[in-house]
Amino acid sequence: MALLRSRGAASPEALEGALLAGSRSTPEGRLLDAFAALKALEGGGVAFRVEGRLALKPGEEGSLAVEVLSPYPVPVRVAAEGGLAAYLAPNPAQGTAHLRVRAPTGTAPGAYRVRLEGGGAWATAEVQVEALPARVVLSACSGEGSCRSLVLPPDGGPFRLEGLSPGTYRLLAFLDRDGDGLLDRDEPWTEAQVSAPARGVRLLVR
């Protein structure tokens with residue numbers, strides 16, 4: 001504490017926070033680290049530690065443990081990349097908090113970051129969004145606008161739609177690469193018009 005105090009004027013709370021922020025976790029408790037405490041003091045005595053990294057698929061949600069080392073609860077600003085939804089609970093935080101992250105349906109695969117800021121300190125959480133397996137979506141829409149859909153394996157295959165009223169239907173088949181259930185601009189597709197009941201309809205997605 002005297003060493004920290006000798007490096008400049010600081011409040012007792014900041015000095016205590018620097019000791020906590022610079023300490024290391026051991027099986028016996030927290031071990032003080034003078035050099036790390038001096039570095040933490042430059043940030044006002046607050047530090048964040050993010051435990052691990054998160055792997056999600058589009059439409060999934062997960063959490064990471066975040067250690068907020070500070071002598072007082074710190075309001076934390078959370079900013080996520082790429083349209084990810086993220087929040088910290090509790091917030092303001094002190095001690096262990098949990099960062100909840102959701103990858104909305106349609107999120108592109110890739111590496112994203114969630115930035116945490118508060119009390120002059122900051123940290124980033126790494127989030128890897130994984131690709132969903134490709135699938136073929138087949139929908140049959142009547143002239144009135146009602147639709148029925150099927151999900152087929154990536155290689156396609158035989159399909160059967162039952163319970164359709166007689167009439168004309170638009171069949172749309174496409175390779176749903178991002179798993180959002182919607183036809184996107186770069187996804188291959190094909191369509192055909194048939195009159196139900198019908199058999200032997202062939203759709204080739206290129």
Side-chain angles (χ1 to χ4, degrees), residues 17-18 20-25 30 33 36-37 39-139 149-155 172-189 205-206:
L20 290 172
S23 63
R24 299 195 304 272
S25 180
R30 302 208 69 84
D33 184 322
K39 185 176 180 180
L41 184 63
E42 299 173 0
V46 176
F48 298 102
R49 289 202 179 111
V50 180
E51 303 293 336
R53 55 184 304 176
L54 200 56
L56 299 173
K57 290 183 173 64
E60 288 185 343
E61 182 176 323
S63 68
L64 287 173
V66 177
E67 200 171 6
V68 183
L69 298 170
S70 171
Y72 51 87
V74 179
V76 181
R77 179 177 175 269
V78 181
E81 293 179 341
L84 299 181
Y87 66 92
L88 188 70
N91 192 2
Q94 181 184 27
T96 301
H98 291 90
L99 177 66
R100 302 288 301 181
V101 182
R102 178 173 179 79
T105 301
T107 303
Y112 298 86
R113 291 179 297 178
V114 180
R115 184 179 173 93
L116 307 170
E117 293 184 44
W122 64 273
T124 57
E126 303 292 331
V127 180
Q128 182 69 37
V129 177
E130 302 171 348
L132 286 173
R135 59 184 188 170
V136 174
V137 175
L138 170 68
S139 66
S149 295
L150 284 177
V151 176
L152 305 177
D155 295 333
L172 171 67
F174 63 94
L175 184 63
D176 187 18
R177 288 176 172 149
D178 57 6
D180 64 355
L182 303 173
L183 175 60
D184 299 318
R185 181 174 298 178
D186 61 341
E187 293 175 339
W189 61 280
V205 178
R206 295 186 181 276

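Along the sequence shown, residues carry numbers from 1. Values below: every heavy atom of this structure, side chains too, minus hydrogens, waters and symmetry copies.
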Is any side-chain heavy atom of Leu64 closer than 4.5 Å to a side-chain heavy atom of Val114?
no
Kindly indicate, with the supporting measurements, whether the criterion side chain to side chain contact (heavy atoms under 4.5 Å, CB included) is fulfilled by Tyr72 and Val46.
CA-CA 9 Å; Tyr72 51 87; Val46 176; 3.6 Å; yes
Which heavy atom of Ala40 sits nearest to which heavy atom of Gly22, and what is that distance?
CB-N, 4.2 Å
What residues, two or more places apart in sequence or in another chain, satisfy salt bridge (Lys or Arg N to Asp or Glu O under 4.0 Å) together with Arg49?
none
What pair of heavy atoms forms the shortest contact from Trp189 to Val205, and how long is it?
N-CG1, 3.9 Å
Can you tell me which residue pairs pass the side-chain hydrogen bond (donor to acceptor under 3.5 Å, both in side chains) test with a partner in residues 86-95, sequence neighbours excluded?
none
Any salt bridge (charged side-chain N to carboxylate O under 4.0 Å, His left out) pairs touching residues 72-86, not counting sequence neighbours?
Arg77-Glu117, Glu81-Arg113
Under the salt bridge (Lys or Arg N to Asp or Glu O under 4.0 Å) test, which residues partner Glu60, sequence neighbours left out?
none
Looking at every non-hydrogen atom in both residues, tell me the closest pair between Leu182 and Asp176 and how far apart they are.
O-OD1, 3.9 Å
Looking at Ala86 and Val101, what are the two nearest heavy atoms and their distance?
CB-CG2, 4.1 Å
Show your working on side chain to side chain contact (heavy atoms under 4.5 Å, CB included) between Leu69 and Arg30 and close with a plain yes or no.
CA-CA 11 Å; Leu69 298 170; Arg30 302 208 69 84; 4.2 Å; yes
Using 0.5 Å steps for rounding, measure from the CZ atom of Phe48 to the CG atom of Leu88.
8.0 Å
Atom CG of Leu132 and atom NZ of Lys57: how far apart are they, to the nearest 0.5 Å?
7.0 Å
On a heavy-atom basis, which atom in Gly119 and which in Val74 lie closest, and how many Å separate them?
N-CG1, 3.7 Å
For residues 92-106, the salt bridge (charged side-chain N to carboxylate O under 4.0 Å, His left out) pairs (sequence neighbours left out) are Glu61-Arg100
Nearest atoms (heavy-atom pairs only) where Glu187 meets Asp184
OE1-N, 2.9 Å
Can you list the steps and then say if Val50 with Leu116 is a side chain to side chain contact (heavy atoms under 4.5 Å, CB included)?
CA-CA 10 Å; Val50 180; Leu116 307 170; 4.2 Å; yes
List the residues meeting side-chain contact (heavy atoms from CB on, under 4.5 Å) with Thr107, not counting sequence neighbours, and say none if there are none.
Leu84, Ala103, Pro104, Tyr112, Val129
Output the distance between atom CG (Leu175) and atom CG (Asp186), rounded to the nearest 0.5 Å.
10.0 Å
